[in-house]
Amino acid sequence: AQSVAQPEDQVNVAEGNPLTVKCTYSVSGNPYLFWYVQYPNRGLQFLLKYITGDNLVKGSYGFEAEFNKSQTSFHLKKPSALVSDSALYFCAVRDNGARADTGRRALTFGSGTRLQVQP
Amino acid sequence: DGGITQSPKYLFRKEGQNVTLSCEQNLNHDAMYWYRQDPGQGLRLIYYSQIVNDFQKGDIAEGYSVSREKKESFPLTVTSAQKNPTAFYLCASSKQGSYNEQFFGPGTRLTVL
């Protein structure tokens with residue numbers, strides 16, 4: 001089975017400060033990892049993904065994430081937060097070794113972390 | 001929300017009624033998905049389809065049905081058997097290949113009166 005945990009329901013950070021949104025995962029094989037952002041009453045927007053290779057992945061809007069296999073983590077980071085970054089962030093995982101049976105080929109999402117950036 | 005449309009944006013249903021949520025994509029994606037989003041629970045997979053005329057149950061398929069007669073379309077029917085249908089419903093699509101990201105529609109908010 002594959003699972004994702006986002007341990008923080010909300011993260012508060014001041015504008016201009018660095019931000020981190022945490023994500024840990026569990027898969028039986030090797031993971032494909034994704035970050036999405038959701039603004040109120042909207043669909044999810046893709047930010048970045050880790051498939052293989054360099055552990056530091058760069059994505060949209062200045063976000064990056066670091067894959068750490070030993071800690072089974074994929075934390076989302078940004079060096080300098082903007083008020084407009086305030087939104088709901090989801091981490092998702094897919095086990096690349098899973099068989100194509102029911103549900104296995106789809107993503108498993110974390111419960112989401114609300115990021116609040118104060119001016 | 002790029003190439004995927006969902007309609008209607010808001011939907012109100014009386015208890016005992018079936019309702020159908022529309023999802024259309026023009027991205028030429030083979031795979032399409034339906035998720036349900038409830039506060040504090042993230043997204044849960046209802047159904048997914050890897051190819052036309054084929055679909056698979058997800059984690060919470062009970063009370064829902066789908067069809068995939070065309071590549072572009074993946075409608076979701078919420079039946080009267082779904083005990084707690086009030087939620088935000090999201091449709092997504094992707095290219096084949098488990099490493100490909102999913103693209104999401106803007107969502108439909110269903111409320112049971």
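The sequence lines fix the lettering, A, B, ..., with proteins before strands; numbering per chain opens at 1. Nothing here was measured: the structure is a model prediction, and the numbers come from that model.
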With a 4.5 angstrom heavy-atom cut-off, is it the side chain or the backbone of [X] that approaches chain A, or both, or neither?
X: B:Gln37; answer: side chain
X: B:Tyr35; answer: side chain
X: B:Arg109; answer: side chain

Other residues, nucleotides, ligands: >12 heavy atoms within 6.0 Å of [X] [atom1]:
X: B:Glu15; atom1: CD; result: no
X: B:Lys71; atom1: NZ; result: yes
X: A:Tyr39; atom1: OH; result: yes
X: B:Glu62; atom1: CD; result: no
X: B:Ile51; atom1: CD1; result: no

Heavy-atom closest pair, residues [X] and [Y]:
X: B:Gln102; Y: A:Tyr36; result: N-OH, 2.9 Å
X: B:Phe88; Y: A:Asn41; result: CZ-C, 4.1 Å
X: A:Arg42; Y: B:Leu90; result: O-CD2, 4.4 Å
X: B:Phe104; Y: A:Leu44; result: CB-O, 3.4 Å

Query - Toward chain B, the part of A:Gln6 with a non-hydrogen atom under 4.5 Å - result: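 No part of it gets close to chain B.
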Using heavy-atom distances under 4.5 Å, tell me whether A:Leu33 contacts chain B through its side chain, its backbone, both, or neither.
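Contact with chain B: none, neither part.
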What distance do [X] atom [atom1] and [Y] atom [atom2] have between them, rounded to the nearest 0.5 Å?
X: A:Ser111; Y: B:Arg44; atom1: OG; atom2: CZ; result: 12.0 Å
X: A:Thr108; Y: B:Asp59; atom1: OG1; atom2: CG; result: 6.5 Å
X: A:Arg94; Y: B:Tyr99; atom1: CZ; atom2: OH; result: 10.5 Å
X: B:Glu101; Y: A:Ile51; atom1: CD; atom2: CD1; result: 8.0 Å

Q.
Closer than 3.5 angstrom, by distance alone: can the side chain of A:Lys49 be matched with the main-chain N or O of B:Asn100 as a donor-acceptor pair?
A.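 Such a contact is absent between A:Lys49 side chain and B:Asn100 backbone.
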Quick check: is [Y] connected to [X] through a chain of hydrophobic side chains (ILVMFWY, heavy atoms under 4.5 Å apart)?
X: B:Leu45; Y: A:Tyr25; result: no
X: B:Tyr33; Y: B:Tyr64; result: no
X: A:Leu47; Y: B:Leu43; result: no
X: A:Tyr61; Y: A:Phe74; result: yes

